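Below you'll find the structure, written out as structure tokens, and then a few comments.
Bear in mind that the values here come from a model prediction, so they are computed numbers and not experimental data. Side-chain atoms are counted along with the backbone in the values below, which use heavy atoms only and exclude waters and symmetry mates. To find a chain, count down the sequence lines: A is the first, B the second, and so on, and within it residues start at 1.
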There are 4 protein chains.
Amino acid sequence: MTHKEDKRELIKDKSLILFSERGFEATSIRQIAQASNINIAMISYYFGSKEHLLEEIIKDKLGVIKLYEKDIIFNNNNSEQNLEIFIKNLIEKFIQNTAFYNLLHSELVIKQRVFSGETYYTVKQHNEAILQKIIASGIAEGLFRLTPTISVIQAFIIGPYINFILNRRYYSNIAEPGTDDSFDRYIRDVLVPNIIKSTISLLK
Amino acid sequence: MTHKEDKRELIKDKSLILFSERGFEATSIRQIAQASNINIAMISYYFGSKEHLLEEIIKDKLGVIKLYEKDIIFNNNNSEQNLEIFIKNLIEKFIQNTAFYNLLHSELVIKQRVFSGETYYTVKQHNEAILQKIIASGIAEGLFRLTPTISVIQAFIIGPYINFILNRRYYSNIAEPGTDDSFDRYIRDVLVPNIIKSTISLLK
Amino acid sequence: MTHKEDKRELIKDKSLILFSERGFEATSIRQIAQASNINIAMISYYFGSKEHLLEEIIKDKLGVIKLYEKDIIFNNNNSEQNLEIFIKNLIEKFIQNTAFYNLLHSELVIKQRVFSGETYYTVKQHNEAILQKIIASGIAEGLFRLTPTISVIQAFIIGPYINFILNRRYYSNIAEPGTDDSFDRYIRDVLVPNIIKSTISLLK
Amino acid sequence: MTHKEDKRELIKDKSLILFSERGFEATSIRQIAQASNINIAMISYYFGSKEHLLEEIIKDKLGVIKLYEKDIIFNNNNSEQNLEIFIKNLIEKFIQNTAFYNLLHSELVIKQRVFSGETYYTVKQHNEAILQKIIASGIAEGLFRLTPTISVIQAFIIGPYINFILNRRYYSNIAEPGTDDSFDRYIRDVLVPNIIKSTISLLK
DNA sequence: TATGAATGAGAGTTCATTCAT
DNA sequence: TATGAATGAACTCTCATTCAT
């Protein structure tokens with residue numbers, strides 16, 4: 001049982017990497033089988049089809065990128081501090097699941113895909129609700145003014161990060177040559193503080 | 001002569017739409033041939049291969065999205081006004097070339113692609129140089145402080161927009177139901193002013 | 001013990017139906033396993049292979065379609081009456097084993113099949129021997145003349161019936177709409193009397 | 001043009017033989033490609049799919065097995081003579097298209113096939129109409145009585161023949177060992193006269 | 001220059017069977 | 001004895017490309 005589950009998970013892990021690196025269409029099940037060191041028939045055997053494999057990966061990972069209110073909103077913080085935690089946690093989710101977000105963004109561009117984005121939007125809305133709560137508190141505290149809608153605010157949190165990873169090679173030259181670690185550190189140390197600053201400016 | 005050029009252009013136009021909608025790999029030359037009402041052999045004949053067709057499309061369009069300093073920096077404006085013009089013009093380029101940017105972002109995610117991004121980065125750097133000049137003037141005028149690097153600033157201009165179009169369906173519900181026109185209008189009327197506000201805040 | 005035998009029989013029953021409806025090649029062991037509510041591995045386990053399963057089904061059913069002299073030839077009947085009983089009994093066997101005969105005829109067409117027809121021909125010859133006896137008696141009684149060979153006679157008994165079931169849908173419209181029962185009744189009431197009439201005419 | 005048509009026809013000819021010998025499902029497009037000395041991709045290229053190839057073969061051959069009234073009914077013949085010509089012509093069509101009829105009978109057994117038999121029944125009905133006309137004349141001439149329906153009569157013409165070819169190996173021993181020619185001769189010389197005799201007996 | 005015909009390679013999937021327990 | 005897991009082989013079909021004219 002667990003043996004089977006191990007292989008299933010292995011296939012999904014390897015597939016996610018390949019899908020994110022080469023795209024779904026450009027990745028063949030033969031490549032997945034080779035990377036996972038399994039027989040090509042196993043993909044159909046376990047998942048039914050390549051498309052179902054994709055769907056299962058997305059469904060799985062959507063659960064992982066959910067934020068939890070208890071980790072973000074603290075009673076002894078003011079709303080600005082909570083907003084800071086929200087942004088840091090959100091970006092951290094992205095950093096920890098870069099491959100998945102790459103895949104997700106590829107898929108979001110494609111119109112014809114079975115994955116319509118609906119399930120992703122549910123998670124997006126869930127996270128947005130927490131942000132909503134923080135901003136509402138901030139307004140009550142007199143710290144924020146409600147200027148743009150929540151969804152627009154969210155674009156200013158996630159957008160700069162997405163732009164960064166989409167242009168990873170471009171920014172690598174700017175940050176430090178080479179390693180992924182230094183790139184992630186640059187995001188945490190330079191990008192995130194500016195995202196926080198920018199976001200607060202929009203709420204003032 | 002011009003007849004041939006017409007067909008070449010037609011193929012590129014139709015390909016761009018298909019590539020942006022379905023992705024490069026998922027688009028077959030048969031689909032392109034059908035959409036362009038030409039023989040399948042023509043794509044290889046004209047462009048050498050499907051991959052070369054993609055490269056030519058990208059090379060062509062990169063020229064189109066270049067900004068020109070004379071359209072943006074005016075002597076009788078202060079730097080904040082120029083920055084505003086820069087942002088508006090840049091986003092307008094995006095809006096006018098949505099299909100191309102969709103394709104570009106798909107391709108940027110893919111590691112193995114022949115298209116390395118180099119040529120794109122040249123254009124990106126060209127546009128960045130204009131922004132650089134505006135900010136330098138602003139600092140000289142005492143309006144701006146150089147806090148983050150230019151490249152980071154650029155992420156805050158383009159990022160929110162990218163986030164918007166990637167989640168087009170998500171935001172459609174928020175903006176107005178349906179038409180592409182209303183979506184673009186929302187970008188111009190709501191998103192862009194906030195981008196301007198956010199960017200300036202980072203420079204203060 | 002009997003439990004195992006039950007499953008074996010179940011598999012054979014379900015297989016016969018599927019083979020006759022879809023053909024041997026077009027029936028997968030997965031379909032059989034599903035229809036029989038057993039594990040896929042069971043077919044190979046019990047029968048060795050799909051082909052052996054087919055052979056066993058045919059071997060089994062060949063026993064069922066054997067006629068017995070004692071049921072057909074009665075001393076107090078004349079040969080014409082015995083011939084009538086022979087034909088009725090033979091066709092009744094067909095009606096009672098429609099699925100099997102469908103399968104048999106499919107297989108007889110195929111040249112390359114392992115099932116060579118030899119075993120079937122043994123049964124066919126067995127039944128023919130009874131017919132032979134009846135006709136011989138008829139000649140002795142002065143009722144029949146031996147015109148065509150026995151085998152040719154048999155073709156005029158079985159042939160019209162085979163033609164009927166092969167064109168079942170065609171004849172359904174002619175007979176009565178729909179049910180299998182009404183179709184079988186038509187065979188018994190209309191076809192069989194004509195077969196008898198035709199056969200006797202050939203022997204006169 | 002003709003070159004292409006030649007290959008198309010070659011593929012259909014070879015496919016018909018293979019289908020009739022091994023069955024549709026058991027024949028792979030590789031086997032067809034090899035027998036036709038063409039690339040396997042050609043089957044899809046020319047016919048769309050293996051199934052469409054089958055359909056085209058059936059459609060083609062259905063045209064060939066049509067009888068023409070002018071070849072059968074002559075004014076200076078009586079109805080019995082015309083019936084004799086009808087039977088001879090019909091069986092001759094079968095003999096000339098044995099492979100096709102083998103295939104047809106395989107397909108008629110299968111329920112799930114796309115080929116539903118409808119088109120075949122149209123041809124069957126067409127030929128039946130000619131028989132109908134002959135019998136009607138025969139009744140008018142006082143030669144025949146209308147006993148069973150036309151469709152039943154047809155079963156007594158075609159049935160014995162079908163039974164013969166289905167049990168070809170069985171009857172080979174009876175006729176002459178071996179060659180197809182001697183088998184066909186046996187049908188013409190022995191079977192057909194008996195079919196005529198049997199049919200007339202049913203009409204008296 | 002232009003194109004219908006043709007091709008080899010590879011795609012995803014399903015097959016009957018065997019393995020390990 | 002019984003079965004879920006796993007496999008290699010084969011399946012049909014589509015791919016981008018090239019050939020022949």
key: Per-nucleotide pairing state of DNA chain F [Watson-Crick or G-U, under 3.5 Å; [ ] pseudoknot-crossing; | other strand]   = .||||||||||||||||||||
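- Atom CD1 in Ile11(C) sits roughly 13 Å away from atom C1' in dT3(F) (whole-Å rounding).
- Taking atom CD1 on Ile38(B) and atom P on dG4(E), their separation rounds to 11 Å, with Å as the unit.
- Because its NZ or CZ atom is both nearer than 6.0 Å to the ring centre of Tyr170(D) and within 45° of the ring axis, Lys124(C) counts as a cation-pi partner of that residue.
- For His105(A) (side chain) and Tyr101(A) (main-chain N/O), a donor-acceptor pair under 3.5 Å exists by modelled atom type.
- Salt bridge annotation for Glu9(A)-Lys12(A): present, with a cationic side-chain nitrogen under 4.0 angstrom from a carboxylate oxygen.
- The main-chain N or O of Leu104(C) is never found under 3.5 Å from a side-chain atom of Glu107(C) such that the two would form a donor-acceptor pair.
- A donor-acceptor pair is defined here as one N or O able to donate and one able to accept, closer than 3.5 Å; no such pair exists between the side chain of Glu21(D) and the backbone of Leu18(D).
- Atom CZ of Arg8(D) is separated from atom P of dG4(E) by 16 Å (rounded to the nearest Å).
- The interatomic distance linking Gln34(D) (CD) with dT7(E) (P) rounds to 15 Å, in whole Å.
- Note that Arg8(B) lies in the cation-pi zone of Phe47(B), set by a 6.0 Å cut-off to the ring centre and a 45° limit from the axis.
- Remark: C1' of dA2(F) and CZ of Phe47(C) are 15 Å apart, rounded to the nearest angstrom.
- The interatomic distance linking Arg22(D) (CZ) with dA10(F) (C1') rounds to 14 Å, in whole Å.
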key: nucleotides 11-21 of chain E: protein proximity per nucleotide (B base, S sugar-phosphate only, - neither; heavy atom, under 4.0 Å)   = BBBBBBBB---
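- Lys14(A) contributes no side-chain N or O that, together with a main-chain N or O of Asn37(A), makes up a donor-acceptor pair within less than 3.5 Å.
- A cation-pi arrangement is present between Lys50(D) and Phe24(D) under the rule of less than 6.0 angstrom and at most 45 degrees off the ring axis.
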